[in-house]
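Data block below; observations after.
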Amino acid sequence: MKRNYIKHCIVMALAVILMLSMAACTKSEEKEKTPETKSSTEQPEVTSGESTPNPDEAAWQLDTSPVDLTWFVGASWYGNSWGESLTSRYVTEKTGVNVKIEVPSGEANEQMTLMMTSGKLPDLISMGSWENAVKKLWEGDHVYALNELAEQYDPYFFKVAGDGTLKWYRQENGNTYAIPNDSYSPNLMHETGMTAANQTFLVRKDLYEDMGKPDLTTPEGFLNALQLIKDQYREYKGQPISPLFAQGNVPYGMTEYLHNLLAVPHEQDGKVYDRITDPDYITWLKTFRTAYERGLINVDFLVDSDTQVEEKTNNARYFMQIREWTGMKAVNPMLAASENPDSYYIAVDGPKNSKGESAKLFPGNMDGWMVTMVSKSTKNPERAIRFLTYLSTEEGQRDLFLGKEGETWETVDGKPQLKAEMVELLQNDIDKMKEEYGIMDTYWMMRNPVIINQWNPDNAPVIKQMEEFSNNQADIDGGIYKGLDPMGDSDAAVAWARISQNWEEVVPELITAKDEAAFDKIFENFLARRGDYGFDKVIEYRQAELDARKTKMAE
């Protein structure tokens with residue numbers, strides 16, 4: 001009897017073990033069948049063992065265990081790493097989030113398109129708000145709706161992201177997929193005087209003054225100055241001089257940027273204006289053609305690599321630059337401290353329209369600069385949204401911008417203030433400041449100017465002159481026109497991509513045309529091709545987008 005009882009117990013135990021094994025296998029199989037990428041209708045599961053997020057408190061403190069998040073920064077020139085600087089180590093220590101920064105080896109759009117094709121994306125993605133890939137990420141269901149992540153994991157996000165920003169980027173389905181940095185509203189700019197304008201026309205100060213401060217605002221004065229360089233200043237203070245640099249080459253420096261210098265309107269009588277066909281713009285393109293014909297410029301300013309541009313800039317080899325002053329923040333102090341202390345760059349009036357009107361430079365706008373998204377490839381959506389929330393708070397902005405209290409900043413009269421040695425580095429050795437301390441604008445992906453500008457020390461005089469010049473010519477209400485072009489895979493976007501690519505090829509042809517008649521023929525042919533590509537769809541899109549933006553601004 002006892003043997004039968006023992007035998008029965010053994011059989012029962014084996015049966016229980018078998019059932020548990022089968023259950024485990026079933027769960028394992030179900031787990032393997034579950035796709036990593038969730039559809040837009042599915043919600044990521046809440047991590048067990050956590051407290052329910054409080055809408056009145058940032059939720060990052062609920063879990064500060066170590067986690068790695070890859071962050072794609074869509075700028076091939078971005079050279080800052082995470083983990084070596086004091087600030088990045090401090091933030092990781094505090095939040096548990098270790099960031100692995102990735103940058104494109106070439107063109108950001110192309111690399112992101114390849115990533116979308118492979119289905120393997122970084123956890124966080126920051127790209128220019130104007131990039132085609134951004135809309136593709138939204139439309140292709142590659143990124144989470146931030147409002148849905150926030151509702152589930154960190155409702156405090158809504159308090160710090162700003163309803164205006166979320167509303168501005170809200171799509172037709174009611175979701176917002178990205179949060180911008182450097183986003184400015186016209187009201188904020190009018191109230192604070194902070195315009196975020198950074199476009200300028202720059203000249204090398206000592207050379208400009210030695211030439212007698214030539215007039216660069218008219219085609220005639222511009223050509224005369226170039227002739228003077230060719231005749232008398234091919235080399236100046238030991239450096240061979242390149243007459244001109246245009247930032248971003250054709251798509252930016254020679255198109256949108258030059259339009260703004262010439263105050264070319266964006267709309268007339270409520271209708272979107274075709275800026276490329278503006279008479280003043282055509283006149284200046286022909287001026288560049290004349291300069292090329294006379295041997296006053298070559299095509300270097302359209303084809304120089306980033307390395308060549310950096311080398312020429314660092315050695316003050318350019319005379320004129322159609323360039324954002326923010327790109328000179330490290331260079332100008334260095335040049336001012338060189339053996340030629342007046343070789344730094346200053347902002348002056350550059351090309352103007354036939355009426356002699358001041359430039360209308362792009363200010364900040366609601367679009368911001370870059371937008372940050374959470375990819376559906378991430379295994380930690382809850383940590384990703386909470387990290388973005390933390391970085392959006394005043395605490396996170398201070399940590400990332402000023403660093404660690406006692407190390408890089410201190411409280412003076414109740415306010416955070418950079419230590420004197422940090423201010424000195426900011427003015428004289430920005431590279432060291434970024435590499436060793438990682439403060440100020442080292443990690444700008446989530447930068448909120450409304451918060452951080454209260455901690456910004458005054459710029460050095462060689463920076464401030466450019467900044468003030470740009471601010472004075474900012475078209476504060478013009479930000480609404482930035483980024484009107486279609487993005488994504490729509491017919492209008494495809495048409496615009498073809499037109500833009502062709503325009504990049506055409507401008508060098510226009511500048512190197514043998515005579516004005518050849519210029520006119522090349523331009524006419526471009527307009528014909530543009531029409532064949534579907535420019536009417538582009539205009540229709542721009543008009544609809546402008547009307548929609550005006551409606552949003554009125555809300």
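Distance check: Leu69 CG to Leu124 CG gives 5.5 Å after rounding to the nearest 0.5 Å. Annotation: the span from Trp138 atom CH2 to Gln171 atom CD amounts to 4.5 Å, rounded to 0.5 Å. Summarising the geometry, atom CZ belonging to Arg170 is positioned 12.5 Å from atom CD belonging to Glu172; distances are rounded to the nearest 0.5 Å. Rounded to the nearest 0.5 Å, atoms CG (Leu226) and CZ (Phe319) are 8.0 Å apart. With values rounded to the nearest 0.5 angstrom, Asn456 atom CG is found 4.5 Å from Met440 atom CE. Here Leu244 contributes atom CG and Leu302 contributes atom CG; the two are 8.5 Å apart, rounded to the nearest 0.5 Å.
Contact check on Asp274 versus Arg530 returns a salt bridge, with a Lys/Arg side-chain nitrogen under 4.0 Å from an Asp/Glu carboxylate oxygen. The pair Arg317-Glu311 meets the salt-bridge criterion, since a charged nitrogen lies less than 4.0 angstrom from a carboxylate oxygen.
Under the 3.5 Å distance criterion, with hydrogens and angles disregarded, no donor-acceptor pair is assigned to the side chains of Tyr177 and Asn147. Side chain to side chain, Asn109 and Asn132 fail the donor-acceptor criterion of an N or O pair below 3.5 Å. A side-chain donor from one of Ser85 and Ser88 sits under 3.5 Å from a side-chain acceptor of the other. Defined by atom type and a distance below 3.5 Å, a donor-acceptor pair is present between the side-chain atoms of Thr389 and Asp154. With no hydrogens or angles considered, no side-chain donor-acceptor pair links Thr512 and Arg289 at under 3.5 Å. In this structure, a donor-acceptor pair under 3.5 Å is present between the side chains of Asn471 and Thr195.
Checked against the 6.0 Å centroid criterion, the rings of Phe245 and Phe301 do not qualify as a close aromatic pair. Between Trp503 and Phe526, the distance from one ring center to the other falls under 6.0 angstrom.
Lys286 is linked by a salt bridge (Lys or Arg N to Asp or Glu O under 4.0 Å) to Glu516, Asp520, counting only residues two or more places apart in sequence or in another chain. For Glu110, there are no salt bridge (Lys or Arg N to Asp or Glu O under 4.0 Å) partners two or more places apart in sequence or in a different chain. Ile539 pairs by the side chain to side chain contact (heavy atoms under 4.5 Å, CB included) definition with Phe535, Arg542, not counting sequence neighbours. Residues meeting the salt bridge (Lys or Arg N to Asp or Glu O under 4.0 Å) test with Glu436, sequence neighbours left out: none. Under the rule for a side chain to side chain contact (heavy atoms under 4.5 Å, CB included), the partners of Ser305 that lie at least two apart in sequence or sit in another chain are Thr307, Gln308. Asp304 meets the salt bridge (Lys or Arg N to Asp or Glu O under 4.0 Å) test with Lys312; sequence neighbours excluded. Taking the side chain to side chain contact (heavy atoms under 4.5 Å, CB included) definition, one finds that Glu267 meets it with Tyr481, Leu546, Lys550, sequence neighbours left out. Considering only residues two or more places apart in sequence or on other chains, Lys514 meets the side chain to side chain contact (heavy atoms under 4.5 Å, CB included) condition with Ala518.
Side-chain atoms of Thr255 come within 3.5 Å of backbone atoms of Val250 as a donor-acceptor pair (strictly under, hydrogens ignored). The main-chain N or O of Pro449 is found under 3.5 Å from a side-chain atom of Asn453 such that the two form a donor-acceptor pair.
Enclosure of atom CD in Glu107 by more than 12 non-hydrogen atoms of other residues, nucleotides or ligands within 6.0 angstrom is indicated. Asp306 CG: 12 or fewer foreign heavy atoms inside a 6.0 Å radius. Residue Tyr437 qualifies as open at atom OH: its count of foreign heavy atoms under 6.0 Å is 12 or below. Other residues, nucleotides and ligands place more than 12 heavy atoms under 6.0 Å from the CD atom of Glu139.
Checked against Gln247 for a side-chain contact (heavy atoms from CB on, under 4.5 Å), the options Gln199, Gln321, Met254, Glu324 give a single hit: Glu324. Tested against Val67 for a side-chain contact (heavy atoms from CB on, under 4.5 Å), the candidates Thr95, Asn380, Asn98 yield a single pass: Asn380.
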Exercise. Stepwise, does the side-chain contact (heavy atoms from CB on, under 4.5 Å) test hold for Asn459 with Lys329?
Worked result: CA-CA 9 Å; Asn459 281 317; Lys329 289 179 75 173; 4.3 Å; yes

Exercise. Does the side-chain contact (heavy atoms from CB on, under 4.5 Å) test come out yes or no for Leu137 and Met112, once each step is laid out?
Worked result: CA-CA 9 Å; Leu137 285 164; Met112 185 51 59; 4.0 Å; yes

For this session: List the steps and the verdict of side-chain contact (heavy atoms from CB on, under 4.5 Å) for Lys482 and Asn260.
Result: CA-CA 11 Å; Lys482 191 169 186 178; Asn260 295 343; over 6 Å; no

For this session: Could you check Arg386 against Glu382 for salt bridge (charged side-chain N to carboxylate O under 4.0 Å, His left out), going step by step and ending with a plain yes or no?
Result: CA-CA 6 Å; Arg386 289 173 179 176; Glu382 75 289 353; over 6 Å; no

Distance-only donor-acceptor hits, side chain of residues 115-122, under 3.5 Å, sequence neighbours excluded:
unit_1: Thr117; atom_1: OG1; unit_2: Thr113; atom_2: O; d: 3.0
unit_1: Ser118; atom_1: OG; unit_2: Met115; atom_2: O; d: 2.8
unit_1: Ser118; atom_1: OG; unit_2: Lys120; atom_2: N; d: 3.2

Identify all side-chain donor-acceptor contacts of residues 70-82 below 3.5 Å with residues at least two apart in sequence or on another chain.
unit_1: Thr70; atom_1: OG1; unit_2: Asp123; atom_2: N; d: 2.9
unit_1: Thr70; atom_1: OG1; unit_2: Asp123; atom_2: OD2; d: 3.1
unit_1: Trp71; atom_1: NE1; unit_2: Ser126; atom_2: OG; d: 2.8
unit_1: Tyr78; atom_1: OH; unit_2: Thr442; atom_2: O; d: 2.6
unit_1: Asn80; atom_1: ND2; unit_2: Thr442; atom_2: O; d: 3.1
unit_1: Trp82; atom_1: NE1; unit_2: Thr92; atom_2: OG1; d: 2.8

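Met445 approaches Thr372 most closely through the heavy-atom pair O-OG1, 3.6 Å. Between Asp475 and Lys360 the shortest heavy-atom distance is CB-CB, 3.9 Å.
Applying the salt bridge (Lys or Arg N to Asp or Glu O under 4.0 Å) test to residues at least two apart or on different chains, the pairs with a partner in residues 442-451 are Asp182-Arg447, Asp441-Arg447. The list of salt bridge (Lys or Arg N to Asp or Glu O under 4.0 Å) pairs with a residue in residues 241-252, not counting sequence neighbours, is empty.
Trp284 and Phe222 have perpendicular rings, their planes meeting at more than 60° on a 0 to 90° scale where under 30° would count as parallel. Note: Tyr281 and His259 have perpendicular aromatic rings, judged against thresholds of 30 and 60 degrees for the angle between ring planes. Relative orientation of the Tyr257 and Tyr252 rings is tilted, given thresholds of 30° and 60° on the angle between their planes.
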